[in-house]
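Taking it in order: structure first as structure tokens, then the write-up.
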Amino acid sequence: MSEWEYLRQHPELARTFDDAMTSNSDLTGATIAAAYDFGAWESIMDVGGGNGILLSHVLKAHKKLRGVLADQPHVLERARQRGFLGGELAARTSIQECDFFREIPSGCRGYLMKSVIHDWDDEKAREILVQCRRAVPANGALLLVEWGLSEANLPSTGKLMDLVMLVLTGGKERTIEEYRALLASGGFQLQKVTPTASEYAIIEAIPA
Ligand SMILES: C[S@@+](CC[C@H](N)C(=O)[O-])C[C@H]1O[C@@H](n2cnc3c(N)ncnc32)[C@H](O)[C@@H]1O
């Protein structure tokens with residue numbers, strides 16, 4: 001059984017997991033939002049966006065941007081309860097259920113995924129990217145936010161997370177060159193990599 005199936009069957013644990021991801025993305029969200037011109041895409045879908053805290057940071061920093069939060073139904077139920085996308089953001093935000101192995105909704109120009117691709121091995125990650133490619137329009141982009149691994153033999157949080165992902169989900173961290181090859185296998189061309197004030201990088205890819 002996958003971690004995600006297990007969480008679906010254990011709502012209390014799923015809530016704790018969402019809260020842990022919310023804490024991580026709340027700590028890093030403002031620096032991610034400030035590092036990159038998300039507003040240039042006019043509309044952004046945060047795919048596997050959890051309870052919506054990262055999208056709330058991005059929308060607060062880019063006032064003209066429209067946002068869609070997409071995740072599994074039980075996760076979105078908690079997102080509605082949390083209300084991170086309420087108040088002043090409600091008019092620019094919508095919520096859509098999705099299974100990113102079956103179909104990712106179209107309708108946005110930018111597609112954001114933080115800490116999603118690292119959850120999966122190359123085969124599954126490619127399946128998600130193929131669904132992303134179907135959703136991303138010709139004038140759009142896919143934006144991955146990941147720890148990444150340095151090419152050189154240097155210490156990095158990504159190396160610790162690589163072990164964590166191996167044990168928890170069977171996923172892995174990747175170097176930029178590994179992301180370039182993985183993205184190409186899903187129909188994308190890696191365009192640029194933007195560092196943030198945290199160890200996360202924003203990897204921008206466009207339809208190949
Ligand atoms: C590691 S969490 C990242 C959450 C959020 N992006 C963040 O960084 O705070 C991975 C997310 O992928 C979602 N997910 C897992 N399988 C999914 C699927 N088949 N379709 C859509 N979302 C899925 C989970 O519900 C979870 O919210």
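When a ligand or atom number is given, it counts from 1 through the structure's own listing order. None of the values given here were measured: they were computed from a predicted structure.
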Would D122 and R174 count as a salt bridge (charged side-chain N to carboxylate O under 4.0 Å, His left out) here? Give the steps.
CA-CA 10 Å; D122 286 352; R174 297 172 172 90; 2.8 Å; yes
Pair F101 + W4: ring centers closer than 6.0 Å:
no
What pairs of donor and acceptor atoms, side-chain ones from residues 133-144 against any protein atom, are under 3.5 angstrom apart with sequence neighbours left out?
{"unit_1": "R133", "atom_1": "NE", "unit_2": "G187", "atom_2": "O", "d": "3.4"}
{"unit_1": "R133", "atom_1": "NH1", "unit_2": "V136", "atom_2": "O", "d": "3.4"}

Taking the side chain as every heavy atom from C-beta outward, state whether E151 and E177 have any atom pair closer than 4.5 Å.
yes
Just to be sure I understand the cut-off, which residues have at least one non-hydrogen atom under 4.0 angstrom from an atom of ligand 1?
W4, F17, M21, S25, G48, G49, G50, D71, Q72, V75, C98, D99, F100, F101, K114, S115, D119
Taking Q96 for the side chain and P105 for the main chain, is one N or O donor matched with an acceptor at less than 3.5 Å?
no
Check ion pair R8-E5 (N to O, under 4.0 angstrom):
yes
